[in-house]
Every structure is written in C-alpha cells, then in structure tokens.
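Each ligand, and each atom within it, is numbered from 1 in the order the structure gives. Not measured: the values here are computed from a predicted model.
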Amino acid sequence: MTYKTILSEKKESVGVITLNRPEAMNALNGALMTELIAALSAFDADDEIGAIVIAGSERVFAAGADISEMAKMSAVEMVKSSFVELFDGIRAIKKPIIAAVSGYALGGGCELAMSCDMIVASEKAKFGQPEINLGVIPGAGGTQRLTHAVGKAIAMEMVLNNRILSATEALEFGLVNRVVPVAEYLDVALKLAKRVAARAPLALRQAKDAVNKAYELSLTEALEFERRAFYFLFATEDQKEGMAAFVEKRSADWKGK
Ligand code: CO8
C-alpha cells in the first residue's frame, strides 16, 4: 500500500514507518494519523514482522498535532472528529514499537514517542509539551505518560511552563532508553528492533501487555495478570523449545506457537 504522509517499508523482521510531512515539521494531521494506524496495523498482522520502528527526520520527529487543522475547530467538531481517539490505535498494537527520535518531539509528537514501547534518541532530540502556549493542554496522554516516565516535578514544569528536555535530560529522567549520535540513531533503533524481533513472539506479546498493566491496574490485579500470562506461556511450543534449548546448550528456534 502507498501512503501520502508516511513511508512504510520492511527491513527484514522490522517494519519501519517514517513520518513524512517535511513541509509541516511532520505535524500530525488526520491523514497522517490515519495512515500511521493503518501501517502499524498492517505490520501487526504480518507474521514476517517482529517489531516496528517509528521515525521522523533528523530535524524533527513530529512538531505536534497540526495546529492549522485544529485552530478553528469547535469543541463539538473536535469530539466528532475522533482525532485524538486515533491514538488508541497505537495502544492496540501487540508488537513492540520503538520510536527513533531526532530533533523536535513536541506536543502530540512527544505523546506519539511516549506511546511507543522504547525510545532511541539522537543527541539532537528535544522533548516538550508546549500546548500551554496555545491555550490548551496535552490531549493524547501527555499529562499521564509523561508523569509516569519523568515524575511529577519535571512533568509539571514541562506541561505548565513549556520546559523542553534535551536528549541527555530525557535520558537522565527516564523518558528514553538511550542517546546516540545523530548519524547512528536510526541504525541503533533498527538493531534494537531486530534483536527484539528475534525473540519468542508469544512471550513478547505477553511481556509488553504485562509491563503496560503496571500503569493501568492495581498491584494486586497486575500481579494476577502477570501470573496468568506466565502460566499461559507453558501452553506454548516456544516455552518447551526455549527451555529445551537452554538445557541442550543450543539456541532456540522460535515458532510463535
Ligand atoms: N502544526 C502545523 N504546522 C506546523 C507545526 C504544527 N504543530 N509545527 C510547525 N509547523 C509548520 C510551520 O507553520 C511552518 O510552516 P510554513 O513554512 O508554511 O510557515 C513549518 O512547519 C516550519 O516551521 P517553523 O518555521 O516554525 O520552523 P522552526 O524551525 O522555526 O521552529 C518548531 C520549529 C519549534 C517546531 C516550531 O515550528 C513550533 O513551535 N511548532 C509548534 C509546536 C507545538 O506547539 N506543538 C504542539 C501542537 S498542539 C498538540 O500537539 C496537541 C496534541 C493533542 C492531541 C494529539 C493528537 C495527534
């Protein structure tokens, strides 16, 4: 399938999606979000793909929701457009998603990066929630995922006072997994995605789900969820293969069954 606002390609076991609206700093308009969810869902359903990378350009990951598209909209039009609900489509993806961020990740762009499971940042990455400058607040998880990631003090400063985090600050505060030179960030994200993609697919799926439950359930409920997921995996061929391979001192041959 060809897209107008993104590029989508397979690199062996990894699906790579590149946001591609350079004229608008990769601003996330309705068309881009719809195409992004379509491309993510296609990779999620593709057995050849084990993990997904979402990238922008070196200059900008995404400068937020498209302000010119939103500027004149009423509250009722915003509700009817279901624009922000498109973000739920990212949450629905079962395979691991890695954001490769360079340059600006602002507003909805920062929220998009945080909706992914891991973030590889270039030294030029900048993370911010500048919605307060527009008379609004983050609407796609910025007040929640950011607070979980960096804690209340830094989140308050970012959301209330437009503090922009450098890549090294983002690493220090736990928002990103690693910071690497600009020339390497895409490669590093791709290599990380390939390593993840080589793992047991059903265990990966359960693992992603279980870690996310830490944000959604009470500790008692989440521990129960984890235990059930752990037991479930003993019904898979991959658990038998993985443990046999360890005992026989060989590498496992995962089947995703
Ligand atoms: N929306 C629309 N167009 C944009 C956006 C945007 N978010 N950001 C940049 N552009 C456009 C500019 O208007 C400009 O267009 P033109 O060349 O036609 O004038 C072009 O991109 C280049 O931008 P600049 O000239 O401003 O480039 P600079 O290098 O000087 O500055 C910045 C780059 C700092 C990124 C600057 O463009 C900026 O501050 N952008 C806006 C950032 C922002 O406020 N983001 C938050 C938006 S609101 C939001 O995200 C709410 C999310 C709610 C839910 C999300 C659902 C998806």
remark   = For residues 181-220, the ring-ring contact (aromatic ring centres under 6.0 Å, His included) pairs (sequence neighbours left out) are His148-Tyr215

task = Answer with yes or no whether the side chains of Thr168 and Ser166 bring together a donor and an acceptor at under 3.5 Å.
result = yes

remark   = atom 11 (C) of ligand 1: closest protein heavy atom, distance to 0.1 Å, is Ala24 CA, 4.0 Å

request  = Identify which of Asn26, Val136, Ile67 has a heavy atom lying nearest to atom 41 (C) of ligand 1.
outcome  = Ile67

request  = Ignoring hydrogens, just give me the one of Ala62, Ala63, Pro22 whose non-hydrogen atom is nearest atom 45 (N) of ligand 1.
outcome  = Ala63

task = Number the atoms of ligand 1 from 1 as they appear, then name those within less than 4.0 Å of a heavy atom of Gly64, with their elements.
result = 50 (O)

query = Is Glu23 in contact with ligand 1, taking contact as a heavy-atom separation below 4.0 Å?
reply = yes

ask   = Judged by modelled atom types alone, do Thr18 and Asn20 share a side-chain donor-acceptor pair under 3.5 Å?
value = no

Nearest-contact summary for atom 29 (O) of ligand 1 - protein heavy atom, Å = Arg59 NH2, 2.8 Å

Over 12 non-hydrogen atoms of neighbours within 6.0 angstrom of NZ in Lys191 = no

query = In terms of residue, atom name and distance, what is the protein heavy atom nearest to atom 57 (C) of ligand 1?
reply = Phe87 CE1, 3.1 Å

Nearest-neighbour protein heavy atom for atom 48 (S) of ligand 1, which is reported as residue plus atom name and distance = Leu134 CD1, 3.6 Å

task = Give a yes or no on whether a salt bridge exists between Asp209 and Arg205, defined as a side-chain N under 4.0 angstrom from a carboxylate O.
result = no

Neighbour count above 12 (heavy atom, 6.0 Å) for Glu48 CD = no

inquiry  = Counting only heavy atoms not in Glu226 (residues, nucleotides, ligands), do more than 12 fall under 6.0 Å from its CD?
reply    = no

message = To check your reading of the model: name the closest protein heavy atom to atom 37 (O) of ligand 1, its residue, and the distance in Å.
response = Met25 CG, 4.4 Å

remark   = When distances are taken from atom 38 (C) of ligand 1, the protein heavy atom at minimum range is Leu106 CD1, 4.7 Å

request  = May I ask whether atom 33 (C) of ligand 1 is less than 4.0 Å from at least one protein heavy atom?
outcome  = yes

Numbering as shown, the atoms of ligand 1 that approach Glu131 to under 4.0 Å (heavy-atom distance) = 48 (S), 49 (C), 50 (O), 51 (C), 52 (C)

ask   = Looking at ligand 1, does Glu69 have a heavy atom less than 4.0 Å from it?
value = no

query = Hey, is atom 21 (O) of ligand 1 touched by any protein heavy atom at less than 4.0 Å?
reply = yes

task = Determine, counting only non-hydrogen atoms of the protein, whether one lies under 4.0 angstrom from atom 16 (P) of ligand 1.
result = no

Protein heavy-atom partner closest to atom 53 (C) of ligand 1 - residue, atom, separation in Å = Gly139 N, 3.8 Å

task = Please determine, by modelled atom types, if Thr5 and Glu35 share a side-chain donor-acceptor pair under 3.5 angstrom.
result = yes

note = Interatomic distance, CZ@Arg178 vs OG@Ser122, rounded to 0.5 Å, equals 14.5 Å

message = Is the distance from the ring center of Phe83 to that of Phe87 below 6.0 Å?
response = no

ask   = Does CZ belonging to Arg163 count more than 12 external heavy atoms closer than 6.0 Å?
value = yes

ask   = Strictly under 4.0 Å, does any heavy atom of Pro130 approach an atom of ligand 1?
value = yes

